[in-house]
Amino acid sequence: MSEDVRNVQDALSAIGGHWQPHRLASINDYDMKVVTMLGEFVWHTHPDTDELFLVVSGELTIQLRDRDVVLGPNDVFVVPKGVEHRPRAAAEVQAILFEPKGTVNTGDAGGERTSPLRELR
């Protein structure tokens, strides 16, 4: 496989911890990130951008203040910019995120779950 071809499953298998997004690829001003999730994340918003979730495996609940959105494998959901949300996973979830470059995983909430974007090797 050439160096410019990336495999999603290989990338997800290389991640060492939960809630730590890794850049898989970039296109224009967006990053395609892979992440594993387990437990509850923090309530947060991204005031200036939408956030796209694509579940690869597992079941992810995205809690919104007025409802829960449940995603299974191959499901896609876009959290609109400025909408407060909290991802939650009862068992490990593997997912892909699409966000503008520089988007922080905890949005406007900050805190100990804030993770720098990691590069896959």
Side-chain angles (χ1 to χ4, degrees):
M1 190 176 331
S2 72
E3 289 182 25
D4 56 341
V5 174
R6 307 301 302 264
N7 182 279
V8 171
Q9 279 307 137
D10 289 347
L12 285 162
S13 295
I15 295 174
H18 299 106
W19 307 111
Q20 300 173 0
H22 289 67
R23 182 184 356 256
L24 181 63
S26 294
I27 180 168
N28 299 319
D29 295 330
Y30 279 77
D31 285 330
M32 177 183 185
K33 303 172 185 178
V34 290
V35 64
T36 59
M37 299 177 251
L38 180 62
E40 290 184 344
F41 201 54
V42 297
W43 282 101
H44 66 284
T45 64
H46 299 281
D48 301 318
T49 186
D50 298 339
E51 182 176 23
L52 184 144
F53 289 83
L54 166 60
V55 172
V56 174
S57 68
E59 182 177 278
L60 177 66
T61 300
I62 300 178
Q63 295 178 287
L64 307 173
R65 289 300 185 182
D66 64 345
R67 65 188 168 113
D68 288 352
V69 177
V70 179
L71 306 173
N74 303 310
D75 287 341
V76 173
F77 180 72
V78 175
V79 178
K81 69 179 176 182
V83 172
E84 192 173 25
H85 61 287
R86 175 173 67 175
R88 181 172 43 110
E92 186 174 81
V93 169
Q94 296 180 324
I96 297 171
L97 307 174
F98 288 92
E99 303 172 312
K101 291 179 182 179
T103 300
V104 177
N105 67 329
T106 53
D108 63 350
E112 65 184 42
R113 286 271 176 105
T114 300
S115 177
L117 181 61
R118 293 168 165 79
E119 297 292 333
L120 290 165
R121 302 190 201 295

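L97 is listed as a side-chain neighbour of E51, based on a closest heavy-atom distance under 4.5 Å. Here the side chains of V55 and N74 are not in contact, with every heavy-atom distance at 4.5 Å or above. For the pair H44 and P87, the minimum side-chain heavy-atom distance is below 4.5 Å. W43 is listed as a side-chain neighbour of Q63, based on a closest heavy-atom distance under 4.5 Å. No side-chain heavy atom of H46 sits less than 4.5 Å from a side-chain heavy atom of V79. Inter-residue side-chain proximity for H22 and K33 is flagged as unmet; no heavy-atom pair is nearer than 4.5 Å. Looking at P80 and D50, their side chains come closer than 4.5 Å, going by heavy atoms from C-beta outward. Between L64 and V69, the closest side-chain pair of non-hydrogen atoms falls below 4.5 Å.
Neither V93 nor V70 shares a network with the other; the hydrophobic side chains, linked directly or stepwise wherever heavy atoms of I, L, V, M, F, W or Y lie under 4.5 Å apart, form separate groups for each. Residue Y30 is not grouped with residue V78 when hydrophobic side chains (ILVMFWY) are merged at heavy-atom distances under 4.5 angstrom, including chains of intermediate members.
The closest donor-acceptor contact from the side chain of W19 to the backbone of L38 lies under 3.5 Å. Using a distance-only test at 3.5 Å, with no hydrogens or angles considered, a donor-acceptor pair links the side chain of D75 to the main chain of G72. Within the 3.5 Å criterion, the main-chain N or O of G17 finds a donor-acceptor partner in the side chain of T36. Proximity of a side-chain donor or acceptor of S13 to a complementary backbone N or O of Q9 within less than 3.5 Å is detected.
Remark: D29 CG is loosely packed, at most 12 non-hydrogen atoms of other residues, nucleotides or ligands lying under 6.0 Å away.
If you check the side chains of S57 and Q94, you find a donor sitting under 3.5 Å from an acceptor. For H18 and E92, the side-chain atoms include at least one donor-acceptor pair closer than 3.5 Å.
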Would V34 and I15 count as a side-chain contact (heavy atoms from CB on, under 4.5 Å) here? Give the steps. CA-CA 8 Å; V34 290; I15 295 174; 3.7 Å; yes
Intermediate values then yes/no, side-chain contact (heavy atoms from CB on, under 4.5 Å), L60 and M37: CA-CA 8 Å; L60 177 66; M37 299 177 251; 3.9 Å; yes
For M32 and R23, what are the C-alpha separation, side-chain angles and deciding distance, and is it a side-chain contact (heavy atoms from CB on, under 4.5 Å)? CA-CA 6 Å; M32 177 183 185; R23 182 184 356 256; over 6 Å; no
Under the side-chain contact (heavy atoms from CB on, under 4.5 Å) criterion, do V83 and T45 qualify, and how do the steps go? CA-CA 6 Å; V83 172; T45 64; 6.0 Å; no
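Residue L71 holds its CG atom at 9.0 Å from CG of L54, rounded to the nearest 0.5 Å. Distance check, rounded to the nearest 0.5 Å: OG1 of T49 to CZ of F98 gives 13.0 Å.
Taking the side-chain contact (heavy atoms from CB on, under 4.5 Å) definition, one finds that K101 meets it with S26, D31, sequence neighbours left out.
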